[in-house]
Novice: 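If you scroll down you'll find the structure; I have some questions about it.
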Amino acid sequence: MTVLPVPDTAIIVVAAGSGTRLSAGAPKALVGIDGRSILRHALDGVFAASPMQVIVVAPAGFEGEAEAELLAAAGDRADLGRVVTGGSTRQLSVAAGLGALWGDVTTVLVHDAARALTAATQIDAVVRAVTGDAGVIPVLPVVDTLKRVDGATVVGAVDRSELAAAQTPQGFPRRPLEAAYATALASGIEYTDDAALYAASGHDVRHIAGSERAFKITTPADLERARHLLSAASAPGVPVIGIGTDVHAFGGEGDLWLAGLEWPGEPALSGHSDGDAVAHAIVDALLGGAGLGDIGLHFGTSHPEYAGAHAEVFLARTLDLVTEAGWSIGNIAVQFQGNRPRFSTRRPEAEQVLSNALGGARVTVSATTTDGLGFSGRGEGISVTAIAMLIPAS
Ligand code: CTP
Ligand code: MG
């Protein structure tokens with residue numbers, strides 16, 4: 001008999017909520033997205049991550065259903081899984097999960113089953129980020145403009161650059177988390193999430209980048225979104241395409257940056273970052289094709305860290321996003337319209353730089369003038385169209 005190493009990490013998947021806001025007539029975790037339930041999808045992500053103890057916290061009376069989903073998702077890792085019964089609040093459900101941890105576990109992740117499409121890469125990233133005493137949470141930047149209101153009156157603006165939207169899994173060192181839970185349960189205080197509970201015990205919490213796909217299914221519209229994402233990704237082997245366009249005017253500072261290259265002596269394009277309209281159109285084509293929104297969502301003015309950034313930075317991050325969402329890049333074709341720069345002599349160099357930034361994907365770029373017509377013909381700016389082909393990874 002082989003003795004498998006006992007994992008030092010555990011994930012508690014809380015699935016015991018009733019799903020009042022979804023109101024689908026069953027506990028939320030057992031509601032179907034496609035042919036599979038919310039819980040099953042969440043567990044598919046968990047078991048695609050590195051091996052860890054998996055504790056599913058089920059709604060009382062539905063332990064058998066949860067067990068069946070666990071076995072179906074676990075494959076040959078069934079020994080790592082276990083179902084416990086949840087409590088009347090999320091906090092009590094997590095506490096029930098903590099009670100089932102194996103002795104060797106030193107790192108604990110707490111994950112909402114409702115974040116059903118969370119990628120295994122996000123789970124592993126949280127595991128890796130838990131070091132020392134600090135907790136770790138994945139977050140997304142806040143994209144909406146936020147207001148403070150009092151009754152019907154808007155009383156002020158909120159600086160969203162100071163804010164982030166928390167996701168799961170949230171990761172913690174085991175003993176301090178258990179102590180923090182004991183303190184919280186004794187105090188009777190209900191915290192909004194595990195990170196808040198952990199911080200209330202005086203510990204630091206750090207953040208890493210979350211992902212659009214880890215959104216929480218709360219309302220019927222969220223369930224539709226999950227269905228849409230899965231149907232987009234579920235035709236095995238069938239590629240999809242995405243399209244992106246970008247227009248920038250000349251009038252920026254310094255030298256031109258275009259197609260990943262610096263063009264000394266050429267007039268610069270204006271815009272957030274370096275104005276590289278070729279790179280921006282590629283980003284939109286990739287994000288759009290992958291169903292991940294667009295450049296404004298991931299790199300807009302709410303992300304000051306990208307001010308002045310060049311193509312490699314945008315493209316590398318975009319490659320991460322589409323890879324994490326389960327796509328590989330087939331090819332990218334780009335054409336820009338503009339009188340200058342004279343592109344053909346540097347085409348091979350540009351294609352190489354763009355391809356390198358995208359993990360070696362095939363990128364081709366062409367340029368054309370417009371016979372003096374339109375803004376590009378008048379030399380006022382550049383207009384770019386990019387098409388990307390994406391292939392589902394498996
Ligand atoms: N959860 C839990 N036990 C509870 C309440 C919630 O395990 N007593 C879990 C849910 O199953 C979910 C996660 O905590 O995976 C986040 O909670 P939420 O999205 O609010 O789910 P529900 O409480 O089920 O939904 P609602 O608030 O709409 O009733
Ligand atoms: Mg709830």
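Atoms within each ligand, like the ligands themselves, are counted from 1 in listed order.
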Novice: Would you call R40-D44 a salt bridge at under 4.0 Å N-O?
Specialist: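 D44 and R40: salt-bridged.
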
Novice: Measure the acute angle between the ring planes of H280 and H248, then classify it against the limits of 30° and 60° as parallel, tilted or perpendicular.
Specialist: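 H280 and H248: perpendicular rings.
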
Novice: Using the benzene-type ring in the case of Trp, are the ring centres of F336 and F343 under 6.0 Å apart?
Specialist: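 Yes: the rings meet the under 6.0 Å criterion.
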
Novice: Flag yes if more than 12 heavy atoms outside D159 fall under 6.0 Å of its CG atom; otherwise flag no.
Specialist: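 Enclosed: over 12 neighbouring heavy atoms sit under 6.0 Å from CG of D159.
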
Novice: Find out whether the Lys NZ or Arg CZ of R225 is both under 6.0 angstrom from the six-membered ring centre of F215 and within 45° of the ring's axis.
Specialist: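 Yes, R225 sits over the ring of F215.
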
Novice: Taking any residue with a non-hydrogen atom under 4.0 angstrom from an atom of ligand 1, which ones do you get?
Specialist: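 These residues qualify: V14, A15, A16, G17, S18, G19, T20, R21, K28, G87, S88, T89, R90, S93, D112, A113, A114, K216.
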
Novice: Taking atom CZ of R206 as the centre, report whether more than 12 heavy atoms of other residues, nucleotides or ligands fall under 6.0 Å from it.
Specialist: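 Count not over threshold, so no.
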
